Amino acid sequence: MTAGTYPELHMIIDGEKIPVGHRRTHTVVNPATGAPLGALPLADSADLDRALAAAQRGFRVWRDAPPQQRATVLASAARLLRERQEEIARIATLEEGKTLTESRIEVMMNVTLFEFYAGECQRNYGRQLVRPAGMRSAVTFEPVGPVAAFAPWNFPIGNPGRKLGAPIAAGCSVIMKAAEEAPASALAVLQCLLDAGLPKEVGQAVFGVPDEVSRHLLASPIIRKLSFTGSTAVGKHLMKLAAEDCKRTTMELGGHAAVLVFDDVDVEQALQAMVAAKFRNAGQVCVSPTRFIVQQGVYERFRDGFTERASRLRVGNGLEEGVQMGPMANPRRPETMERLIGAAVAAGARLHTGGRRIGSQGYFYAPTVLSEVPQSTPIMNEEPFGPVALLNPFRTEEEMIAEANRLPYGLAAFSWTRDAARQRRLAREVESGMLCINTTALGGPDAPFGGVKWSGHGSENGPEGVMACMVVKAIHEG
Ligand code: NAD
């Protein structure tokens, strides 16, 4: 495979590359052009049973492997990712549409995560309890078992990296089903791990009809943990399937991030950061800033500045130099934008820029700014997952916090204020798994990433990400 071409697609089961053969297929499409990229084989139940049997063997192999071996595999895979950065980034942009710069950054995020996990997997210390002489009690952490991991399309490199990295660091085996829309990026990440020496039974990649694959894998007692990133609706459904067998779960679900902008803020600084964060990956990011809750004193300046910057963004094919926002990833997204934005405007929201598709090829939607959006409209309540900012004016801090906490979602929240006492109040009061104060930098290999309420539970990244693939055992000796 060379940079610029799209690879042949396959699954990886027990170390074997499984081609299309006589299987059903899914056509992978370039969202910038609508043109087909390749045919992806979809697993049948025999494929999934093979993957389960391999994962069962793989767990025994990897659980007993020295932590240094796991560390070496993760660190070597990080090195290979770095070497293959350009090739993998181009594949991700072809499949998902985001700009090449974003895809390159995503590869590097994965590199630093694997490097961090390479260290973290050697720090599984456990705990010794204080007991009378002659007695001993210890708390140990053990890998949970084979993991079924489902990675969505919006971070085609980063999501598979998280789904594979944590179980592998913990000593688990993993069957990953990445999104059928962006399979080659996910395969490229797994291939780096296999080329770095990961035993073939430990990491596998299947694709299929999502509901068939999740039902099959989650019905098997071999799988001991479900790790899912995606919408809240699908997450709730999968949690019910996992509950049948009391499987552990890490659920990274939807969001509707609030941004609280207070009167005391440097408006230009806030605009610079928030416009870039809003339109990254065409807004198809679970932590994308969405509800802008702006205090009256800076409201008009913030709204006009946001509109001006959004309308200047260069939208186009992510492979082209200078493009700042690519297409949406699949035809469902612009359709959703039209539905949600249309309903908001019909209900009285003011449209400042965007609010339309761009061109007739691919799935482009213009960066959109709406203001005075009625609270009851669907867009103020459902995750839009697209390039739209919703701006509304507020008077007091109490009203702003109440609006931030109004929805059942609680993934990320952002706030802009220079008042230190208020920063502390926000840190306590805002219901979210992650809160940014005067920054948008919430990712990092060492920082737990996850939500509360309908945004899910459990963390990825950080020591917490590895611990999420462990179970606790207390051992008492008399
Ligand atoms: P979707 O809910 O149908 O799918 C989301 C992801 O879940 C996809 O990767 C899909 O392959 C997978 N999926 C769907 N049904 C499944 C099943 N029964 N078993 C296993 N996996 C299943 O929606 P979509 O149209 O692909 O994406 C749109 C919505 O998904 C967005 O509105 C957003 O809420 C959510 N989403 C969230 C994230 C995130 O990072 N949290 C990422 C992508 C999509």
Side-chain angles (χ1 to χ4, degrees), residues 26 28-29 31 40 42-43 48 95-98 106 109 148-163 175-183 185-186 205-219 223 226-242 249-257 280-288 290 328-337 339-340 363 365 378-379 381-388 407-412 433-434 442-443 449-461:
H26 169 84
V28 183
V29 168
L40 177 71
L42 303 182
L48 297 174
E95 291 182 327
E96 202 269 355
K98 64 177 63 183
E106 203 179 320
M109 280 162 48
F150 299 86
W153 42 263
N154 62 334
F155 283 86
I157 307 158
N159 286 327
R162 285 180 175 175
K163 295 295 172 209
I175 302 176
M176 171 177 69
K177 190 203 82 62
E180 286 66 30
E181 279 113 329
S185 309
V206 298
F207 300 98
V209 175
D211 190 50
E212 278 176 30
V213 177
S214 53
R215 280 183 193 278
H216 195 107
L217 295 183
L218 295 176
I223 297 297
L226 155 69
S227 176
F228 174 75
T229 299
S231 61
T232 297
V234 173
K236 286 180 179 179
H237 162 69
L238 295 184
M239 278 194 280
K240 287 179 196 153
L241 295 181
T249 54
T250 293
M251 308 303 291
E252 207 269 85
L253 307 178
H256 204 296
R280 175 167 78 119
N281 198 15
Q284 302 163 117
V285 180
C286 53
V287 295
S288 185
T290 297
M328 304 199 77
N330 58 54
R332 299 186 297 283
R333 300 314 319 145
E335 280 164 19
T336 304
M337 291 301 102
R339 173 175 65 82
L340 293 175
Y363 314 129
Y365 198 89
I379 202 165
N381 298 280
E382 275 176 47
E383 181 177 35
F385 220 63
V388 56
L407 294 185
Y409 296 107
L411 192 58
M434 294 164 281
L442 54 70
F449 187 101
V452 296
K453 305 199 290 186
W454 282 16
S455 293
H457 55 253
S459 300
E460 299 190 283
N461 292 20

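Indexing begins at 1, ligand by ligand and atom by atom, following the structure's order. Model, not experiment: these values are computed from the prediction.
Of the options G235, S231, A151, the smallest heavy-atom separation from atom 5 (C) of ligand 1 is shown by S231. Which of S455, P384, G255, P210 comes nearest to atom 21 (N) of ligand 1 through a heavy atom is settled by distance: it is P210.
No part of V285 comes within 4.0 Å of ligand 1, judged by heavy-atom distances.
What you find for A242 and T249 is that their closest heavy atoms are CB-CG2, 3.9 Å. What you find for E95 and S185 is that their closest heavy atoms are OE1-OG, 2.7 Å. Here the closest heavy-atom approach between residue K163 and residue A151 is recorded as CG-CB, 3.8 Å. Among all heavy-atom pairs drawn from A329 and P31, the shortest one is O-CB, 3.5 Å. Among all heavy-atom pairs drawn from L253 and L411, the shortest one is O-CD2, 3.9 Å. Minimum interatomic distance between P183 and L40 (heavy atoms only, all atoms of both residues): CB-CD1, 3.6 Å.
Every atom of ligand 1 is numbered from 1 in the order shown, and the set under 4.0 Å from a heavy atom of T229 is 39 (C), 40 (O), 41 (N). The atoms of ligand 1 that sit less than 4.0 Å from any heavy atom of P152 are 9 (O), 42 (C), 43 (C). Close approach to K177 involves these atoms of ligand 1, each under 4.0 Å from a residue heavy atom: 11 (O). Taking a cut-off of under 4.0 Å to the non-hydrogen atoms of L253, the atoms of ligand 1 that pass are 41 (N). Interface of L238 with ligand 1, defined as ligand atoms under 4.0 Å from a residue heavy atom, comprises 19 (N), 20 (C). Of all the atoms in ligand 1, the ones that sit under 4.0 Å from a non-hydrogen atom of G230 are 35 (C), 36 (N), 37 (C), 38 (C), 41 (N).
Because its NZ or CZ atom is both nearer than 6.0 Å to the ring centre of F449 and within 45° of the ring axis, R162 counts as a cation-pi partner of that residue.
Close to ligand 1: R333, with a non-hydrogen atom less than 4.0 angstrom away.
Ranking protein heavy atoms by distance to atom 38 (C) of ligand 1, first place goes to F385 CZ, 3.6 Å. Among all protein heavy atoms, the one lying closest to atom 34 (O) of ligand 1 is E383 OE1, 2.3 Å. Ranking the protein heavy atoms by distance from atom 19 (N) of ligand 1 puts S214 OG, 2.8 Å first. Of the protein's non-hydrogen atoms, the one nearest atom 27 (O) of ligand 1 is W153 CZ2, 3.5 Å. Counting only heavy atoms of the protein, atom 12 (C) of ligand 1 lies nearest to F228 CE1, 4.2 Å. Atom 3 (O) of ligand 1 has its closest protein heavy atom at V234 CG2, 4.3 Å. What sits closest to atom 24 (P) of ligand 1 on the protein, heavy atoms only, is R332 NH2, 3.6 Å.
No N or O atom of H237 sits closer than 3.5 Å to an N or O atom of ligand 1.
H256 places a side-chain N or O within 3.5 Å of a backbone atom of I379 that can act as its donor or acceptor partner. Counting only distance, with no hydrogens or angles, the side chain of E106 and the backbone of G158 share a donor-acceptor pair below 3.5 Å. Side chain of K98 to main chain of P156: no donor-acceptor pair is present (N/O by atom type, distance under 3.5 Å, no hydrogens or angles).
Within a 4.0 Å radius of atom 15 (N) of ligand 1, the protein contributes one or more non-hydrogen atoms.
When ring centroids are compared, F207 and W153 stay outside the 6.0 Å threshold.
Using cut-offs of 30° and 60° on the angle between ring planes, the pair Y409 and W454 is perpendicular.
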